[in-house]
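Report on one structure; see the data block that follows.
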Amino acid sequence: MNEKGTQVAIGSKRVKKTNIGTQTPSVAEKCDKESQCGLCQGSYGRDRFHQRWRYHDLMLKLQDKENVIKWLMTERLLAKDLMCSVCEDQMKLVRCNDRSDEFKWDCRRQINNKRHKVENSIRSGSWFAKSNMTLEEILQFTYRWCQDLDQAQIRHELGLNTNTGYHRGHHVEGQWVFGGIENDSRKCFLIAVEKRDEATLLPIIEKWIEPGTVIISDCWKAYCNLEKYGYRHFTVNHSKEFVNAAGQSTNKMEGHWRQAKAKLPPFGVRNHHFSSYLAEFMWRYMNREEDLFQKFLEAAKKIYSV
């Protein structure tokens with residue numbers, strides 16, 4: 001939130017959780033303009049006005065293995081070339097029948113009258129590297145995940161293994177989450193915290209919210225010194241009112257918490273996966289008007305530079 005004179009609201013909520021979950025991408029971008037903060041337990045490569053991906057479009061891309069690989073290399077989701085670790089020369093892309101990708105990187109050059117043999121997966125260093133699924137399955141799985149299907153539905157549709165066991169575990173204490181949302185945009189942040197004291201929350205506020213911003217909060221004591229750090233701070237006493245005399249409220253933040261909690265699995269979340277569920281919610285929320293499959297591919301390209 002990097003424009004001075006804008007508004008932010010902060011409050012307190014708690015999310016109950018158990019110990020099972022899944023992982024998703026994270027979000028880390030400063031918000032700007034008027035905001036609220038609080039506590040709570042097509043095809044790829046087109047411009048903003050592109051035609052959105054349809055499943056039919058994806059399946060056309062996946063009809064031929066060689067074309068799939070060429071497309072992924074063109075879009076920099078797979079490496080176009082790879083250097084040999086022995087001779088430091090460029091490896092060759094060759095066909096093979098010992099792996100599902102049907103291609104591999106290969107080098108069999110001779111150095112000092114001694115021939116070496118080096119092989120590498122075409123997935124090396126890429127987003128696909130650690131998966132046992134085929135390239136086609138990964139792309140179809142990702143497309144359906146972007147359409148907000150749950151994993152059980154996706155596995156069923158793709159005919160993947162459905163026998164994976166999940167341990168529901170025991171109930172654990174609720175998780176506090178600090179977050180914010182801009183009043184006039186979809187930018188937001190949600191961060192799991194162990195405590196909600198000033199020492200914990202202030203560094204987060206300073207990271208996400210620029211000095212000069214108007215902060216609207218409830219009367220929680222951790223916020224009492226915000227004026228000292230360059231913020232304009234106003235409060236809403238929720239024991240007496242939902243809107244203060246100046247017409248300010250934390251209503252948008254409260255609604256945001258409700259949406260976030262509704263996206264948590266009904267059977268609970270493992271401790272180490274909790275932040276990833278928040279990250280998924282933020283990513284979907286901030287990109288709601290976008291083609292999520294395209295946005296996912298763009299993010300994968302940035303994270304896994306090949």
Side-chain angles (χ1 to χ4, degrees), residues 20-27 29 42-65 67-69 71-72 74-78 100 123 126-164 166 181 185-190 255-270 273-304:
I20 184 166
T22 187
Q23 292 184 338
T24 57
S26 64
V27 177
E29 179 185 358
S43 68
Y44 177 68
R46 299 182 187 177
D47 62 20
R48 179 178 176 84
F49 302 101
H50 68 285
Q51 179 184 345
R52 291 175 178 264
W53 276 94
R54 297 174 302 165
Y55 189 65
H56 176 71
D57 299 327
L58 178 61
M59 294 309 295
L60 290 177
K61 292 283 189 184
L62 305 183
Q63 287 181 342
D64 177 80
K65 179 72 74 173
N67 287 337
V68 171
I69 293 172
W71 170 56
L72 294 175
T74 299
E75 301 299 343
R76 292 186 295 162
L77 290 163
L78 287 177
S100 66
R123 306 186 186 200
S126 77
W127 160 52
F128 304 95
K130 295 184 179 181
S131 177
N132 293 323
M133 295 191 294
T134 67
L135 295 174
E136 294 87 347
E137 288 171 341
I138 295 171
L139 290 165
Q140 290 180 71
F141 193 106
T142 302
Y143 177 86
R144 287 182 162 98
W145 178 84
C146 289
Q147 304 305 309
D148 212 13
L149 274 69
D150 66 39
Q151 293 191 32
Q153 292 173 311
I154 300 172
R155 288 196 301 268
H156 172 74
E157 290 295 323
L158 296 181
L160 301 177
N161 180 21
T162 58
N163 296 323
T164 303
Y166 294 95
I181 183 172
S185 83
R186 304 194 70 82
K187 291 182 180 179
C188 62
F189 67 90
L190 297 171
H256 197 57
W257 293 138
R258 287 193 294 271
Q259 292 182 58
K261 287 190 287 186
K263 282 296 183 180
L264 293 175
F267 46 79
V269 182
R270 289 186 186 275
H273 286 162
F274 190 83
S275 291
S276 67
Y277 272 103
L278 297 178
E280 177 184 349
F281 170 77
M282 288 188 291
W283 181 77
R284 290 185 185 277
Y285 181 86
M286 290 190 290
N287 293 291
R288 183 176 296 178
E289 305 303 322
E290 304 290 338
D291 184 333
L292 292 185
F293 185 58
Q294 179 187 340
K295 298 295 289 187
F296 188 100
L297 295 182
E298 290 173 352
K301 185 174 70 174
K302 290 178 182 178
I303 296 170
Y304 297 90

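Quantities reported herein were computed from a predicted structural model and do not represent experimental measurements.
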**Fill in**
When rounded to the nearest 0.5 Å, the distance separating CG of Leu135 from OG of Ser100 is 6.5 Å
**Asked** Measuring from Trp71:CH2 to Glu75:CD, what's the distance to the nearest 0.5 Å?
**Response**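 Nearest 0.5 Å value for the CH2-CD distance: 7.0 Å.
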Specify the closest pair of heavy atoms between [X] and [Y], including all atoms of both residues, with the distance to one decimal.
| X | Y | result |
| --- | --- | --- |
| Leu158 | Arg144 | CD2-NH1, 3.0 Å |
| Cys188 | Met286 | N-SD, 3.5 Å |
| Leu77 | Phe128 | O-CE1, 3.8 Å |
| Leu78 | Ile69 | CD1-CG2, 4.3 Å |

Can you find a heavy atom in the side chain of [X] that is under 4.5 Å from one in the side chain of [Y]?
| X | Y | answer |
| --- | --- | --- |
| Gln140 | Met59 | yes |
| Trp127 | Ile138 | yes |
| Leu58 | Phe293 | yes |
| Phe141 | Gln151 | yes |
| Met133 | Leu160 | yes |
| Leu139 | Leu72 | yes |
| Phe281 | Gln259 | yes |
| Leu292 | Arg284 | yes |

Indicate yes or no for a side-chain donor-acceptor contact from [X] to the backbone of [Y] under 3.5 Å, with no hydrogens or angles considered.
| X | Y | answer |
| --- | --- | --- |
| Lys61 | His56 | no |
| Arg186 | Tyr285 | yes |
| Gln153 | Asp150 | yes |
| Arg52 | Glu290 | yes |

**Request:** Just say parallel, tilted or perpendicular for the rings of Trp145 and Trp283, cut-offs at 30° and 60°.
**Result:**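 It falls in the parallel class, under 30°.
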**Message:** Working note: Ile154 + Glu157, criterion side-chain contact (heavy atoms from CB on, under 4.5 Å); need CA distance, chi angles, decisive distance, verdict.
**Reply:** CA-CA 5 Å; Ile154 300 172; Glu157 290 295 323; 5.7 Å; no
**Message:** Taking the six-membered ring for Trp, are His256 and Phe189 closer than 6.0 Å centroid to centroid?
**Reply:** no
**Message:** For the aromatic rings, using the six-membered ring if either is Trp, is the centroid distance between Trp53 and Phe296 under 6.0 Å?
**Reply:** no
**Prompt:** Could you go step by step and tell me if Asp148 and Lys263 meet the side-chain contact (heavy atoms from CB on, under 4.5 Å) rule?
**Reply:** CA-CA 10 Å; Asp148 212 13; Lys263 282 296 183 180; 2.7 Å; yes
**Request:** Could you go through the salt bridge (Lys or Arg N to Asp or Glu O under 4.0 Å) check for Lys302 and Glu298 one step at a time?
**Result:** CA-CA 6 Å; Lys302 290 178 182 178; Glu298 290 173 352; 5.8 Å; no
**Request:** List the steps and the verdict of side-chain contact (heavy atoms from CB on, under 4.5 Å) for Arg123 and Lys130.
**Result:** CA-CA 8 Å; Arg123 306 186 186 200; Lys130 295 184 179 181; over 6 Å; no
**Message:** Check this for me: does any side-chain nitrogen of one of Arg54 and Asp291 sit under 4.0 Å from a carboxylate oxygen of the other?
**Reply:**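 Salt bridge absent between Arg54 and Asp291.
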